[in-house]
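Right, one structure below, let's go through it.
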Amino acid sequence: MVAMSRISDSKVLESRETDDGMVIRRRRVDAAGHRFTTYERIELPQLTVVKSSGNKEFFDRDKLITSVRRSVGKFLGSELEVEDVVNRAVELLRAENDEIVTSQQVGNAVLDVLAKQNEVAYVRFASVFLKFQTLGDFEKILKERREKAEE
């Protein structure tokens with residue numbers, strides 16, 4: 001409750017929209033002179049993810065961000081870059097599907113984005129997402145990437 005009263009008692013100093021227009025960042029100052037930032041995200045219909053087990057759950061952006069961050073390590077330069085990958089993957093999912101997607105489609109969307117952004121991060125995410133067991137699995141994905149790059 002304290003946070004809500006802090007926001008309502010604050011004054012907006014500056015507002016900026018992200019490049020995609022989906023988030024508004026507001027710099028604020030409260031009555032005591034403390035500065036802070038709030039983010040407003042446009043809320044689209046909730047995606048539902050069908051897991052490989054058949055269970056359904058609501059799409060969790062934070063869960064995907066954590067997954068990407070853990071699997072790619074430091075091959076993406078910053079937290080903003082990780083969020084950008086997830087944002088672009090979600091855009092792909094929304095463009096290609098209704099409100100129900102499979103976990104396979106979510107992983108493939110991330111792979112599509114990473115393939116264009118950072119090949120090492122792509123291979124690292126693929127190794128986790130596709131559950132690589134052998135060096136042959138790595139060789140296969142590298143061969144596929146090289147063939148796509150030549151097209």
Side-chain angles (χ1 to χ4, degrees), residues 1-4 6-7 12 14-28 34-151:
M1 290 300 216
V2 173
M4 287 304 292
R6 183 176 182 188
I7 292 172
V12 175
E14 170 189 10
S15 292
R16 289 191 185 185
E17 234 179 69
T18 57
D19 291 337
D20 63 3
M22 298 296 289
V23 178
I24 298 173
R25 175 185 169 268
R26 299 193 193 280
R27 288 292 297 147
R28 298 177 175 268
H34 298 107
R35 292 177 181 243
F36 61 100
T37 303
T38 59
Y39 296 90
E40 298 174 21
R41 182 181 306 276
I42 293 175
E43 199 168 303
L44 298 170
Q46 181 73 33
L47 285 174
T48 300
V49 179
V50 179
K51 308 296 271 182
S52 56
S53 66
N55 294 336
K56 293 181 181 179
E57 63 182 51
F58 287 121
F59 175 77
D60 184 343
R61 176 182 300 276
D62 293 333
K63 186 175 175 181
L64 186 56
I65 287 171
T66 299
S67 174
V68 170
R69 186 184 313 118
R70 281 185 183 154
S71 61
V72 302
K74 296 180 181 179
F75 286 96
L76 293 179
S78 68
E79 189 64 26
L80 290 175
E81 207 171 344
V82 172
E83 286 192 31
D84 181 55
V85 167
V86 170
N87 289 340
R88 292 189 337 200
V90 170
E91 286 175 20
L92 287 174
L93 291 169
R94 288 194 180 282
E96 296 173 4
N97 303 287
D98 292 323
E99 290 151 21
I100 298 177
V101 296
T102 64
S103 55
Q104 191 73 27
Q105 288 172 304
V106 173
N108 286 333
V110 172
L111 285 173
D112 288 347
V113 173
L114 288 173
K116 296 172 186 149
Q117 188 163 339
N118 184 310
E119 288 182 328
V120 176
Y122 169 86
V123 171
R124 287 184 60 126
F125 185 82
S127 72
V128 174
F129 173 62
L130 301 174
K131 300 177 182 153
F132 287 3
Q133 300 292 317
T134 67
L135 285 176
D137 295 334
F138 279 97
E139 291 169 346
K140 180 181 172 191
I141 200 80
L142 291 172
K143 181 180 176 192
E144 289 172 6
R145 285 296 313 136
R146 287 187 180 121
E147 288 172 358
K148 282 185 180 181
E150 292 173 1
E151 292 177 358

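Residue numbers run from 1 in the order of the sequence given. Only heavy atoms go into these numbers, but all of them, side chains included; no hydrogens, no water, no symmetry mates.
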Smallest separation among heavy atoms of V72 and A121, with atom names: CG1-O, 3.5 Å
E79/R69 salt bridge by N-O under 4.0 Å criterion: yes
Distance, nearest 0.5 Å, that separates CD of Q117 from CZ of R88: 4.5 Å
Whether over 12 other heavy atoms sit under 6.0 Å from R70 CZ: no
Close side-chain approach of F132 and L130, heavy atoms under 4.5 Å: yes
Contact summary for I24 and S15, nearest pair of heavy atoms: CG2-CB, 4.4 Å
Q105 (side chain) donor-acceptor with V101 (main chain) under 3.5 angstrom: no
Least distance between heavy atoms, N118 atom then F75 atom: ND2-O, 2.7 Å
Side-chain donor or acceptor of R124 paired with backbone N/O of S71 under 3.5 Å: yes
Minimum side-chain heavy-atom gap L76-V68 below 4.5 Å: yes
Shortest non-hydrogen contact from S103 toward S52: OG-N, 3.7 Å
T66 (side chain) donor-acceptor with D62 (main chain) under 3.5 angstrom: yes
Spacing of OG1 belonging to T37 relative to CZ belonging to R26, to within rounding of 0.5 Å: 12.0 Å
Which atom of A89 lies closest to which atom of V113, heavy atoms considered: N-CG2, 3.7 Å
Reported CG-to-CG distance for the pair L64 and N87, which is rounded to 0.5 angstrom: 10.0 Å
Separation of E119 CD from L142 CG (nearest 0.5 Å): 9.0 Å
Flag, side chain of E99 to backbone of T48, donor-acceptor distance under 3.5 Å: no
Between CG on residue L111 and CD on residue Q104, distance to nearest 0.5 Å: 9.0 Å
Pairwise side-chain contact, F125 with V110, heavy-atom cut-off 4.5 Å (strictly under): yes
L93 side, atom CG; I100 side, atom CD1 - distance, nearest 0.5 Å: 13.0 Å
Min side-chain heavy-atom separation R25-V23 under 4.5 Å: no
Pi-cation contact, Y122 with R145 (under 6.0 Å, within 45°): yes
